Amino acid sequence: MTSAPEEHLRLEGIGVSFGAVNVIPALDLSVRKGEMVAFLGPSGCGKTTTLRIIAGLNKPSRGRIMVGGRDITRLPIHDRDMGMVFQSYALFPHMNVTRNVAFGLQMRNIPSRDAESRAAQALDMVQLGHLAHRKPKELSGGQQQRVALARALVIEPSILLLDEPLSNLDAKLRDEMRVQIRALQQQSGITAVFVTHDQVEALSMCDRVVVMRGGRVEQFGTPTEVYERPATAFVANFVGRTNRLKGAITAEGTLTAAGHQLRSATTLPPGAVEILVRPHRIRIDDAAETANRVKGAVSGITFIGDLVQYAVRVGDAEVVVEEATRRDRSALAVGDTVTLGWSAEDTLVYPAGEQ
Amino acid sequence: MTSAPEEHLRLEGIGVSFGAVNVIPALDLSVRKGEMVAFLGPSGCGKTTTLRIIAGLNKPSRGRIMVGGRDITRLPIHDRDMGMVFQSYALFPHMNVTRNVAFGLQMRNIPSRDAESRAAQALDMVQLGHLAHRKPKELSGGQQQRVALARALVIEPSILLLDEPLSNLDAKLRDEMRVQIRALQQQSGITAVFVTHDQVEALSMCDRVVVMRGGRVEQFGTPTEVYERPATAFVANFVGRTNRLKGAITAEGTLTAAGHQLRSATTLPPGAVEILVRPHRIRIDDAAETANRVKGAVSGITFIGDLVQYAVRVGDAEVVVEEATRRDRSALAVGDTVTLGWSAEDTLVYPAGEQ
Amino acid sequence: MEIHKTSWPMRILVFLLFVYLLAPVILVFPLSFSGDQVLRFPPSFWSTRWYSALFANSQMLQAFWTSLSLAAIVTALSIVIAVPAAWVMTRLTFAGRDLLFNLFTAPLLLPTIVLGLAILIVFASFGLLATMHGLVFAHLVVTLPYALRVLAVSLSTQDRACEEAARTLGAKPLTVFFRVTVPMLTPGIVAAAALCFLVSFDEVVITLFLTGPRISTLPVELYNYVYNQADPLVAAASALLILLTLAVIMIVERAMGLGKAFVK
Amino acid sequence: MSAVPTTTPVPAAPRQWRDGELAVLLLLPIALINAIGFILPVLNLARYSFNKSRVGGGIEAVFTWENWAGLLSDPFYLELVFNSVWISLAITLTTLVVSYPIALYLHRASGAWRTFLTVLVISPLLTSAVVRTYGWIAILVDDGPVVGAIKALGLPAPSLMFNIKGVFIGLTEILMPYMILALMAGFGRLDPRVEEAARTLGATPSRTFMKVILPLTLPGIALGCLLCFVLAVSSFITPKLMGGGRVFLLATEIYDQAIVTLNWPLASTLSILVLIVFGAALWAYSAVLRRLD
Amino acid sequence: DTVVLTAYSGIFQENYVKAVVEPFMKANPDITVEFYGMPNSAQMLGTLRAQASAPQIDIAIMDVSVAKAATDEGIFAPMDESVTKHLADLYPQAKAEGVNAVGVTFDNLVLLYNTDKVKTVPTSWNALWDAQYAKQVSIPAVPDIQGTTFTIITDKMAGGTNYIESVEAGINRLAELAPLVQTWEPRPDVYQPISSGTAAIGIGWNARAQVYADLSDGKLGVVLPEEGSGFQINVIGLVKGGPASDSAKKFIDYALSPEAQAAFTEQMFYAPTNSKAAALISEKALSRTAAGAMDKMIDINWLEVAKIRDAITEQWRRRVIPLSR
Ligand SMILES: Nc1ncnc2c1ncn2[C@@H]1O[C@H](COP(=O)(O)OP(=O)(O)OP(=O)(O)O)[C@@H](O)[C@H]1O
Ligand SMILES: Nc1ncnc2c1ncn2[C@@H]1O[C@H](COP(=O)(O)OP(=O)(O)OP(=O)(O)O)[C@@H](O)[C@H]1O
Ligand SMILES: [Mg+2]
Ligand SMILES: [Mg+2]
């Protein structure tokens, strides 16, 4: 999607402390022009803080921020040409919806008639055209969030910072908004940084994903890389659902867990290890030949919309298996004995105690 | 889970207007004791408003609210023994985290030492024990939301009202919180009303689901009912992903769409119809015999974590198919011709123009 | 919002407190129609003679216009000067900020009688006595601390997120200030302006020292008047002032929806 | 949507104001007024307080400690300071108690009703304090309506006029509008959601008030109390008119010394003393505010 | 030419303008006299003091003790024959040593009473001590000079011999009065509360009392008690360097002339300071001033009294007023 992998935004050794609390120790990051990068990470890991640093709302204690090769660490906020959607919306309470959205355009000296028509367009995009004259406090939570989104998008900034911009929207709307944001971003070549707690969002929408933890970058890669080749057990665990089994590698290099011998594509020195397998990569009673096969008893069944989750007791461990619901499967019942199978590539192994 | 289906909370003909805007025309609802009910619905459909009515924060323009057979429409808020998590958190800015959480206990005249230890417990539950002395403004968005959650849970109210209580948490944490809330709710027999935009949450966690639209109840049933037997096209469309195809039933009762003849378990009078099929109920190139089989060309492939989405062009329509990612499938490429198959039961048919 | 509807006991309490607050003001109206030579309640007979006396008193009318324009100028200047100052005090951090803030609001701490005396001495050497400039300046000394205090409290309790949002949208600090900070500060500005206007319009003590044969204000005229005779003419003047204010506010409300300015 | 090209940051941005320079620029007007209208006059006063007063009101420009020594050794003046401070404090607190409900009510009222009530609150200030004091005299005199009502109830008739009670009642009312305006300016932080949260957690309206509303409005309360305390200590018209000559306060004494006896050096000394007392009050106020933060 | 004259505002201003200023302007069409009223002498001095470098005022009428201070500060130009030719005709009390201003009016302390509340016309200051008027007595206390004058009168009545040395006897007598007093600070003045019946009895200046008595429909009674009284002296002074000195001199000369003095006495019952004026005044008016009772007046040396004023004030505050609480 990005034609040239030219670097656009770069954080160099950024550090932030609030009083005695060292929230971000030292962060390095490089985002390409026109790229959309997702920040994934547990609550409180420093995503919002990083975004605020980029926007210039917080000054870093250390390090510098470069945009297009130019050091902007000291550049005033309003000269940065960035758009930001705030986690708390931060709508202007004294302006109606249209004026909120048109604000950024007016700041760019766009004639007010033009600004209003572009604002109206942006509002239609977030499906709020009919509420253009309301004040923010007369809107529902999700409606406010969409106004905030429209306000940031309408200015087509060179860098767009989105802090959980869709967290209060329902699935349908979120899908639509995602498509809209992505289309606009690609079409105008905007570089975007997207904070989200929703992995589907991160993985499906963004060019690359940053997994953060305690103010540090754990992994920075494409969605496939992060999902398929997680750099650490933390990443594997955080991105996508996984089963975690305690295991060990013997002196001879054999991998064992839950009383079974397993095969993995990874090689590690002998010692205690953690084995991670994604629930939907496990087949139940499948005829096909797989590298790993274990037997267990179904101990729980949960229906979660498009999926069914089976909890299967294997030795002393519990393994969760996910399958798309389908009508042709003869329903399993709790207590049934099943055979689980998965491939060596799907068996991720990390040294124990890493997380 | 509920031993006796005793009614606990009942809304009778509730109506709400903001000035000239009639937000909720007339709402009836009956929730059983110890039950957890989810409110699902598009942004702005009146979920928050309904919760506020139950809590007594808004007075309904019409109708009444009964709890345990008693009319509480005029009961003061503080005598209702309800706990509420606000969409905007509404933490007390002048109190630290512990004092925020202990507030409700103090209001119940629980000795302050007791209150503090229970607050500490609740904070541990939401994994914020270490931030007990921070002020709300020193917390991240997700941390604030968890404090709001702890504050409502700690008082173990007889009715718990949760307005998107997990919207700012990452998937891992959300899963854990869900389990915690559910456990606490069942163990204390609390009746809970849960507003969420996350269907997985609604379907997996709650006993029953209310699908709202424009201030009206579209369907009220168990997760399976709502998902498998949506009452209206709107529900089918809103809950879970679906493909929507335009079709028609001829005078002879044959169902056609996208140039194919289809079979459905539903019978409808002749006329234009809308056909809904869930993406993951469609098989690609599957040997098994299915009621409906159509041919098409792959026009797009999206990777979304645990799933792969294929867009397939069938006649003039585009059909989306979802499959769990698996290593044993020889990857499809854009342009490949495939056969799609699904059962008659999975073919939901509604009169056209209903939505 | 429903729960913010005030309960009945509270309304009764508020009503009683209003009665207390307004008792002397309400009394002004019957007093102004007194036929007596002295302020006495209830008057022994009614008449409008004090209104005629008031309108015949050209000095009083002249002073009224002086006071009105003085208060208007002082209020405008106070707001124009105090809003940026309050902004600096609450939004920037620099050494000695607290000290400066206390210094700027310190004139509040001096009884006006002292300040009047003290200013008199200094102004005399600047030739500012009994001039409009001098009065404006002296009143600013008194009103600015009020404005600064009130605005600083309002500003520091204001949510900053909106200012940040405006800045990311490309608004320069000055624009943020005028388009976001100030509108959100409206209640504070209204309160500060009201205070300044009233303080200036009601200021007697300092003005007493600074007025002269050539210029005088209404409160000073009234004060000098009642110093010698406490007749109901002052009640008539007050009654007219109150009615005038109500009328002006009503017109402005109709024309511009002033209500919005007072709304949160 | 990309019809109009977005403006890219202009490299040759106009010179940036550094915070310090900006502060200086914006503070210049107020600093000038403060210097000429306050600091200079106060220095002058301080000088006078070390000058000698002549019989009949003359001032002799010689240095002397006489005024200060006399003041600090005279129990009359020490009592005066003490009385002024505690009476002003009591009046301030009473004013707060009677103003708060009105301010809260106004804060929650809306639209034209709110405007109307706000104007009512302000209207007393338009009636000069002198006139209002006369109003109070008419209400409180021995044969006035209030004493009459108390008598009608069969209670012993109190004397409300020409003593400290009258000053208390009158001054409290006169200060109320200032308090109300200050409180309203400080009510900005009062987010209705937070009150609602307290109510759903089982707090009765009164406990919501004590635990949530009151703490959140403390900045406004502190401001109102500061203004009213200062105004109470400064006031001399009301004590003079209603005190019957029995109530000796700092401001009335300064008035007497400056205007009647024409002893400017003594008046200056008293004024500087007031300034010191107020300085202490202000310091306490900032300390309280800092604690609240 | 515009002459600015500062003197007491209010009723004094009303009457003085009518009786003196207007006739003067009629006689001198080229001169306008602007009357700038101020509530009291001290404020006049304050204003004069502040304007010392660039005076806006030409003439001041004020209390003699304040005029002394003004003279000491060099505010007043010397008052000699070049200013007015009437100097020689003035009573000796009108001329004080070291004051560059001369007496323009005499006033004296009188007993006031409300004719509804006080049925028998009092003849002695001792009526104030009558217990039936408890809490109905209105006394303008020191530092007001009415209080000072009253102290000197009481002292003499109580057997005091030399008020300059001690007013002990007077203070003791006042202490007995204290519990009966309603207010020590009657406002706006002492006359109106007594006219309206808020107070029953009190003390005040004769001239104003006479005017208010006329305005009160007989409610206010005025008596010059048999024990006599003391004078208060208002002097007129020429401001040094005033903008219209020549015209100002003309006015001062006119103000001290027998005609003007007489006219003002007719109008407001101040006793004239020009000995030649008495002849021009009607009997009726003259009887309402102290002019007919010059012999009953205690000779108060205001310049000496100024020196003991602080001491008297202190005595009042410590020994008199507290007894009325
Ligand atoms: N004060 C108000 N004045 C007018 N309309 C209002 C007001 N408050 C809410 N509304 C409208 O009422 C409708 C319902 O709002 P509500 O907050 O209940 O929605 P919601 O279902 O919670 O939506 P969301 O998921 O976006 O939070 C919305 O369309 C909103 O615009
Ligand atoms: N003013 C402050 N003082 C002290 N600590 C703070 C302050 N503001 C934020 N923090 C801490 O900094 C950390 C990072 O906060 P940040 O808001 O960046 O988290 P986040 O990744 O956005 O989390 P979330 O997903 O919950 O919004 C958090 O642990 C938070 O508690
Ligand atoms: Mg965040
Ligand atoms: Mg909502």
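A, B, ... follow the sequence lines: proteins, then strands. Residue 1 opens every chain. Here the structure is a predicted model, which means the values were calculated and not measured.
- Contacts of B:F238 with chain A are made by both backbone and side-chain atoms, with heavy-atom separations under 4.5 Å.
- A:H197 NE2 to B:K172 NZ: the interatomic distance, rounded to the nearest 0.5 Å, is 14.0 Å.
- The distance from atom OG1 of B:T302 to atom CE of A:M205, rounded to the nearest 0.5 Å, is 12.5 Å.
- Applying the 6.0 Å contact sphere to CZ of A:R216 captures no more than 12 heavy atoms from other residues, nucleotides or ligands.
- If you measure heavy-atom distances from B:V21 to chain A, the contacts under 4.5 Å come from the side chain alone.
- Expressed to the nearest 0.5 Å, how far CG of B:D175 lies from CZ of A:R241 amounts to 7.0 Å.
- For the atom pair A:D198 CG and B:D198 CG, the distance stands at 8.0 Å (nearest 0.5 Å).
- For B:Q143, the parts lying near chain A are the backbone and the side chain together; criterion is any non-hydrogen pair under 4.5 Å.
- Remark: A:S167 OG to B:L169 CG distance equals 10.0 Å, nearest 0.5 Å.
- Taking OG of B:S43 as the start and CG of A:L139 as the end, the distance is 9.0 Å to the nearest 0.5 Å.
- Across all non-hydrogen atoms, the minimal contact from B:Q87 to A:G141 is NE2-CA, 3.6 Å.
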- Task: Report the C-alpha distance between B:T48 and A:S140 in whole Å, list the side-chain angles of each, state the deciding distance to 0.1 Å, and finish with yes or no for side-chain contact (heavy atoms from CB on, under 4.5 Å).
- Result: CA-CA 8 Å; B:T48 299; A:S140 77; 5.7 Å; no
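- The residue among A:Q145, A:E164, A:Q127 with the most heavy atom pairs within less than 4.5 Å of chain B is A:E164.
- Heavy atoms of B:N168 lying under 4.5 Å from chain A belong to its backbone as well as its side chain.
- Residue-environment remark: NE2 (B:H133) stays at or below the threshold of 12 foreign heavy atoms within 6.0 Å.
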